[in-house]
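To start, the structure itself, in C-alpha cells.
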Amino acid sequence: MKSNSRLISLDVFRGMTVMLMIFVNNGAGEEIFSTLQHSKWNGMTPCDLVFPFFLFMMGMSTYLSLKKTGFAWSRQTGWKIARRALLLFLIGLAINWLDMACSGRPLDLAHLRIMGVMQRIGLCYAATALAAIVSTRLSGSLHPVAWAAGVLLAIYAAIVVMGGGYDYDASTNILSIVDHRLLGEAHLYHKSPVDPEGLVSTLSAIAHTMIGLWVASWALARKSGAATLSTLERFLLSGAALTFAGYLLTFALPLNKRIWSPSYVLMTCGFAALLQGLLIAIIDRPGVSSSGATAPPSAVTSGVASPVGTKSGWVTALCLIFGTNPLFLYVASEVLSIVFGSTGVKDAVYQGLHAVITNGYWASVGYATLFVLLHALMGYPLWKRHIYIKI
C-alpha cells in the first residue's frame, strides 16, 4: 500500500496516546500536578482522556482489520480474535504478577489482581470484533453495532442509577459488590471504592470501543459520487455530536472514569473523533477526499506501520515510534516502572533530578519525561528497521 493512501494521522494519534499513557503513569515523588493525575471520583482531568482514546482507536483499527476480509466469519478469523484477546488478558495478568513478585510475594496468587488495563483491552477487542462480524453477517451492515453500543450504555446507565454506582462506598456500590462476589476482594484494585477496570464497567468500555468502530465505518467507508461529506467532515461531525450528547448526559450522570460512566464514554469518544479529524486536517488532508481513505490497523491487530518522510518533522516521527509498536512499548513501560520502583532506581533518579530542579512538581515531570525518552530510544531502532512486534 502506498503511503499516500494511508491515514498516517491514525498512527500519529496512536503514538501520542501511548506516549501520554506512559508519561502520566510515571510521575515520581509526592508532588505531582493535579492535571497529571486521574480524577479521584467525579470529574475529568487530561489524564482521563488517555485510556478512552486508546479504546476508541482500537475500535477504528478493528474495523480496518476486519474490513480486509469483508467481516466474513471463518475458523481462522475466530482463532485470531480469541488468541489475541487471550494473549492480551494473560499479558495483563503477568504484569500484575510481576508487581506482586517484585514486592516479595511471587507465590501469593491468592492476592493476584485479575483485571487491569490489558485485560480490559482484550475483552473490549474480542467483544467488538465479534459484534462486527455478527452484525455484518445478519444485516449486511455495521449499523446494529451502533445500536448495540446504545443498548449497552442504556443498560449500564440503569445499573449505575439503580445500584448506587456513584456511591463512594464499596459496601453500597453495585459495581464493587459484583466484583467482590465474582472475583473476590483479594483479587481487586484497592485504591478506590471500585476497581477501575471492574467487570460491570467493562460493559460500558465495550460500548466505547464499538462506537470507535462505528465512527470509523461511517467516516472511512468509500462514499458514493453523490456523497457530500468528506472523511474529515464526518469525523468532525460525529465528534461534535458525541461530545454534545455526552455533555447533556453529565447533568444526570456525571463524568467518572472510575466507573466509566456513559457520559464519560460519549464525551471522550467525541473528543477522540474531533482530534482524529484535526490530525487528518494537519497530516493527511491533501490525500483525503469524499471518496474515502484507508488507514493502518493498530499494532494490536496487525502491527503495520505508516511511513513518514523527512518533511513530517521530529514530532511526527516521535509519535510514529510509539504508534508503530504501541503494545510492546506500553508493556515495556509497565515492566520497567515496576522494576525501577522496587529496586530503588526510580527514587534515585528522581532525587538526582530534584537536586537540580528544586520544584518537586517539575522534578516529577522531568522524571516522567526521561522515562518516555527511554522508551523512545527503545522503539527507535524498531521503527527505523521496520520491525513491528505484534500478537
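Residue numbers start at 1 and run along the sequence shown. Reckoned from all heavy atoms, side chains included, excluding hydrogens, waters and symmetry mates.
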Any idea which heavy atoms bring [X] and [Y] closest together, and the distance?
{"X": "R120", "Y": "S201", "value": "NH2-OG, 2.7 Å"}
{"X": "P326", "Y": "G323", "value": "CD-O, 3.4 Å"}
{"X": "E197", "Y": "T202", "value": "O-OG1, 4.1 Å"}
{"X": "I177", "Y": "T172", "value": "CD1-C, 4.1 Å"}
{"X": "L152", "Y": "A207", "value": "CB-CB, 4.0 Å"}
{"X": "N173", "Y": "G165", "value": "ND2-O, 2.8 Å"}

- Task: Sequence neighbours left out, what passes side-chain hydrogen bond (donor to acceptor under 3.5 Å, both in side chains) with T358? Give chain and number order.
- Result: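 With sequence neighbours excluded, T358 shows a side-chain hydrogen bond (donor to acceptor under 3.5 Å, both in side chains) to no residue whatsoever.
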- What residues form a side-chain hydrogen bond (donor to acceptor under 3.5 Å, both in side chains) with H38, not counting sequence neighbours?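 H38: side-chain hydrogen bond (donor to acceptor under 3.5 Å, both in side chains) contacts with D48.
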Less than 4.5 Å apart, side chain to side chain, heavy atoms only: is that true for [X] and [Y]?
{"X": "F340", "Y": "N26", "value": "no"}
{"X": "V161", "Y": "L253", "value": "yes"}
{"X": "W73", "Y": "T136", "value": "no"}
{"X": "M58", "Y": "L213", "value": "no"}
{"X": "L370", "Y": "L374", "value": "no"}
{"X": "P106", "Y": "M100", "value": "no"}
{"X": "Q119", "Y": "I114", "value": "no"}
{"X": "M378", "Y": "Y380", "value": "no"}

- Message: Could you see if L278 belongs to whatever hydrophobic cluster contains L20? Use Ile, Leu, Val, Met, Phe, Trp, Tyr and a side-chain cutoff under 4.5 Å.
- Response: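 Both belong to a single hydrophobic cluster.
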First locate atom [atom1] of [X], then atom [atom2] of [Y], and finally report the distance between them rounded to the nearest 0.5 Å.
{"X": "S337", "Y": "K346", "atom1": "OG", "atom2": "NZ", "result": "5.0 Å"}
{"X": "W362", "Y": "N359", "atom1": "CH2", "atom2": "CG", "result": "8.0 Å"}
{"X": "C269", "Y": "L242", "atom1": "SG", "atom2": "CG", "result": "6.0 Å"}
{"X": "L10", "Y": "L64", "atom1": "CG", "atom2": "CG", "result": "7.0 Å"}
{"X": "I211", "Y": "L266", "atom1": "CD1", "atom2": "CG", "result": "5.5 Å"}
{"X": "I321", "Y": "L329", "atom1": "CD1", "atom2": "CG", "result": "9.0 Å"}

- Take L36 and F23 through the side chain to side chain contact (heavy atoms under 4.5 Å, CB included) test and state the conclusion after the steps. CA-CA 9 Å; L36 298 180; F23 181 82; 3.8 Å; yes
For atom [atom1] of [X], decide whether the heavy atoms of other residues, nucleotides or ligands shown that lie under 6.0 angstrom number more than 12.
{"X": "H190", "atom1": "NE2", "value": "yes"}
{"X": "R105", "atom1": "CZ", "value": "yes"}
{"X": "F33", "atom1": "CZ", "value": "yes"}

Establish, from distance only, whether the side-chain atoms of [X] and [Y] form a donor-acceptor pair under 3.5 Å.
{"X": "T77", "Y": "S74", "value": "yes"}
{"X": "S176", "Y": "H180", "value": "yes"}
{"X": "R258", "Y": "S39", "value": "no"}

- Task: Under 4.5 Å between side-chain heavy atoms, chaining through other members, with only Ile, Leu, Val, Met, Phe, Trp and Tyr counted: pull out the rest of the cluster around L377, sorted by chain and number.
- Result: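 Besides L377, the cluster holds no residue at all.
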- Task: Check the pair V372 / Y367 against side chain to side chain contact (heavy atoms under 4.5 Å, CB included), numbers first and verdict last.
- Result: CA-CA 9 Å; V372 170; Y367 177 85; over 6 Å; no
- Which ring-ring contact (aromatic ring centres under 6.0 Å, His included) pairs, counting each pair once, include a residue from residues 232-252, with sequence neighbours left out?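 Sorted pair list: Y247-F251.
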Side-chain donor-acceptor contacts of residues 86-96 below 3.5 Å, not counting sequence neighbours, with atom names and distances?
from	atom 1	to	atom 2	distance (Å)
N96	ND2	R113	O	2.9
N96	ND2	M115	O	3.1

- Query: Quick one: salt bridge (Lys or Arg N to Asp or Glu O under 4.0 Å) partners of D347, sequence neighbours excluded?
  - Reply: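 Partners of D347 by the salt bridge (Lys or Arg N to Asp or Glu O under 4.0 Å) criterion come out as none, since no residue qualifies.
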- Query: In terms of the angle between their ring planes, are F13 and F53 parallel, tilted or perpendicular, with boundaries placed at 30° and 60°?
  - Reply: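 The rings of F13 and F53 stand perpendicular, inter-plane angle above 60°.
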- So W218 and W214, would you call those rings parallel, tilted or perpendicular, with 30° and 60° as cut-offs?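 Parallel: the ring planes of W218 and W214 meet at under 30°.
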- Should I389 and L327 be marked as a side chain to side chain contact (heavy atoms under 4.5 Å, CB included) after you check the CA-CA gap, both sets of side-chain angles, and the distance that decides it? CA-CA 8 Å; I389 300 173; L327 177 62; over 6 Å; no
- Item | T128 side chain vs G59 backbone, donor-acceptor pair below 3.5 Å |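 Not a single qualifying donor-acceptor pair exists.
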- Message: Testing W260, F56, Y330 one by one against F51 for a ring-ring contact (aromatic ring centres under 6.0 Å, His included), which residue passes?
- Response: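 That would be W260; it is the only one of W260, F56, Y330 passing the ring-ring contact (aromatic ring centres under 6.0 Å, His included) with F51.
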- Task: Check the pair Q276, S9 against side chain to side chain donor-acceptor pair (under 3.5 Å), reporting the backbone distance first and the verdict last.
- Result: CA-CA 7 Å; Q276 178 64 65; S9 57; 3.0 Å; yes
- Does the side chain to side chain contact (heavy atoms under 4.5 Å, CB included) test come out yes or no for F328 and K390, once each step is laid out? CA-CA 8 Å; F328 167 71; K390 58 181 180 177; over 6 Å; no
